[in-house]
Amino acid sequence: MMRADELHELMRALPVSADDALLRHGRALILAPHADDESLGCGGLIATLCRSCLPPYVLVVTDGTGSHPNSRAYPAGRLRAVREAEALAATAALGLSPEDVGFLRLRDTAAPRDGVGLEAACARIEAVAQEQGCDTLLAPWLLDPHCDHEAVQLMARRIAARMGLRLLSYPVWGWLIAPDVELSPEMPLRGFRLDIADHLASKQAAIRLHVSQYGDLITDDPEGFRLPSALLSVFEQPHETFIETAPAPAPGSPP
């Protein structure tokens with residue numbers, strides 16, 4: 001066990017790596033549980049790879065309709081369309097073409113963790129990885145405290161094991177875990193921080209394009225989601241963190 005603040009310090013001490021350490025010889029497939037996770041966790045990486053002429057493929061896993069479930073002005077269908085349009089605008093700001101972005105449209109807050117649903121989602125992601133020639137897979141960190149982030153990480157581990165892909169995990173909500181919370185991280189902690197100073201402005205612009213998540217577009221759901229300032233401040237830093245992850249099912253996941 002390790003306190004969250006101790007783990008965060010280890011993550012912030014990971015070595016800074018050049019972008020050529022990110023890939024073997026193919027493309028990166030970035031799995032974003034929701035539209036905005038790609039910009040928050042990987043915006044600098046996306047811009048870096050686009051500049052290097054090997055753009056990644058971004059696959060948004062859920063439909064994003066859980067952010068404002070009580071809005072009458074933005075029922076599920078309209079909200080999904082808005083969030084997908086925001087994802088396309090944000091990734092374009094990072095240099096990515098629309099044909100390099102896809103949407104799996106699983107139900108928000110209900111990404112499957114086991115059974116037939118998990119297998120079906122994995123099969124769809126595997127098909128994308130094969131079609132796009134990807135050999136590196138990126139998914140949210142397993143310790144991110146969000147059900148969809150955990151589910152997508154479990155999908156990624158199964159896929160990476162079956163396809164022989166390199167797996168990198170990126171923290172999003174994990175940065176906000178309270179300092180005194182006891183965690184069980186996979187050790188030793190291996191990975192790197194990517195220097196994104198040259199792309200930080202583009203990343204910030206991409207994050208701001210997820211307008212629905214700032215609370216000013218959808219105003220008729222008092223319980224609606226709003227990106228907290230504490231999280232946004234994390235991603236004002238000139239580095240992104242990527243953790244090398246064993247491509248095997250996590251404990252407790254289906255065999």
Side-chain angles (χ1 to χ4, degrees), residues 30-47 56-96 98 100-111 138-141 143-153 169-178 196 199-238 240-241:
I30 298 172
L31 301 180
H34 314 95
D36 74 3
D37 288 316
E38 83 294 328
S39 299
L40 292 165
C42 301
L45 169 64
I46 293 170
Y57 191 91
V58 171
L59 185 60
V60 181
V61 176
T62 76
D63 60 13
T65 58
S67 67
H68 296 80
N70 302 311
S71 173
R72 293 187 177 183
Y74 288 84
R78 185 183 184 193
L79 179 55
R80 183 185 74 185
V82 165
R83 297 205 65 183
E84 291 185 1
E86 290 172 349
L88 290 171
T91 51
L94 297 168
L96 203 60
D100 292 324
V101 183
F103 302 93
L104 214 55
R105 294 176 175 168
L106 302 182
R107 187 160 63 87
D108 195 357
T109 72
L138 292 100
W141 190 35
L143 296 183
D144 259 20
H146 188 294
C147 59
D148 288 337
H149 287 224
E150 295 169 2
V152 173
Q153 170 68 205
S169 299
Y170 61 91
V172 179
W173 292 99
W175 289 114
L176 297 190
I177 299 173
I196 62 165
H199 304 295
L200 186 56
S202 296
K203 173 173 176 161
Q204 293 297 307
I207 292 172
R208 288 192 297 270
L209 285 168
H210 290 279
V211 180
S212 66
Q213 304 306 289
Y214 278 82
D216 299 322
L217 176 67
I218 304 175
T219 58
D220 64 341
D221 184 355
E223 298 179 5
F225 174 78
R226 185 186 185 101
L227 282 165
S229 57
L231 183 66
L232 292 170
S233 66
V234 168
F235 297 109
E236 294 172 353
Q237 305 305 311
E240 288 177 344
T241 299

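These figures come from a predicted structure and were not determined experimentally.
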For this session: Using modelled atom types only, decide if a donor and an acceptor are shared between the side chain of Asp108 and the backbone of Thr62 within a distance under 3.5 Å.
Result: no
Exercise. Just wondering, do His149 and Trp141 contact through their side chains at under 4.5 Å, heavy atoms?
Worked result: no
Seminar exercise, completed: Per side-chain contact (heavy atoms from CB on, under 4.5 Å), Glu86 is matched among Thr91, Asp36, Val211 by Val211
Exercise. Side chain of Glu240, backbone of Leu45: donor and acceptor closer than 3.5 Å?
Worked result: yes
Seminar exercise, completed: All heavy atoms of Tyr74 vs all of Leu79, minimum pair found to be O-CB, 3.9 Å
Seminar exercise, completed: What one should report as the nearest heavy-atom pair of Ser212 and Val82 is CB-CG1, 4.1 Å
Seminar exercise, completed: Here the pair of heavy atoms bringing Gly44 nearest to His199 is O-CD2, 4.1 Å
Exercise. With the threshold set at 4.0 Å, does a side-chain nitrogen-carboxylate oxygen contact exist between Arg226 and Asp216?
Worked result: yes
Exercise. Heavy-atom distance under 4.5 Å between the side chains of Ile207 and Tyr214, does that happen here?
Worked result: yes
For this session: Side-chain contact test, heavy atoms from C-beta onward, threshold under 4.5 Å: evaluate it for His210 versus Glu38 and give yes or no.
Result: yes
For this session: Kindly say whether Ala73 contributes a backbone atom to a donor-acceptor pair with the side chain of Arg78 at under 3.5 angstrom?
Result: yes
For this session: Could you tell me whether the side chain of Ser67 reaches within less than 4.5 Å of the side chain of Arg83, counting heavy atoms only?
Result: yes
For this session: Verify, without hydrogens or angle tests, whether Asp63 (side chain) and Arg80 (backbone) share a donor-acceptor contact under 3.5 angstrom.
Result: no
Exercise. Any side-chain heavy atom of Ile196 sitting closer than 4.5 Å to one from Phe235?
Worked result: no
Exercise. Quick one: does Asp144's side chain have a donor or acceptor within less than 3.5 Å of a partner on Pro171's backbone?
Worked result: no
Exercise. Is the count of non-hydrogen atoms from other residues, nucleotides or ligands lying under 6.0 Å from Glu236 atom CD greater than 12?
Worked result: yes
Exercise. Considering only heavy atoms from C-beta outward, does the side chain of Asp37 approach that of Val61 to under 4.5 Å?
Worked result: no
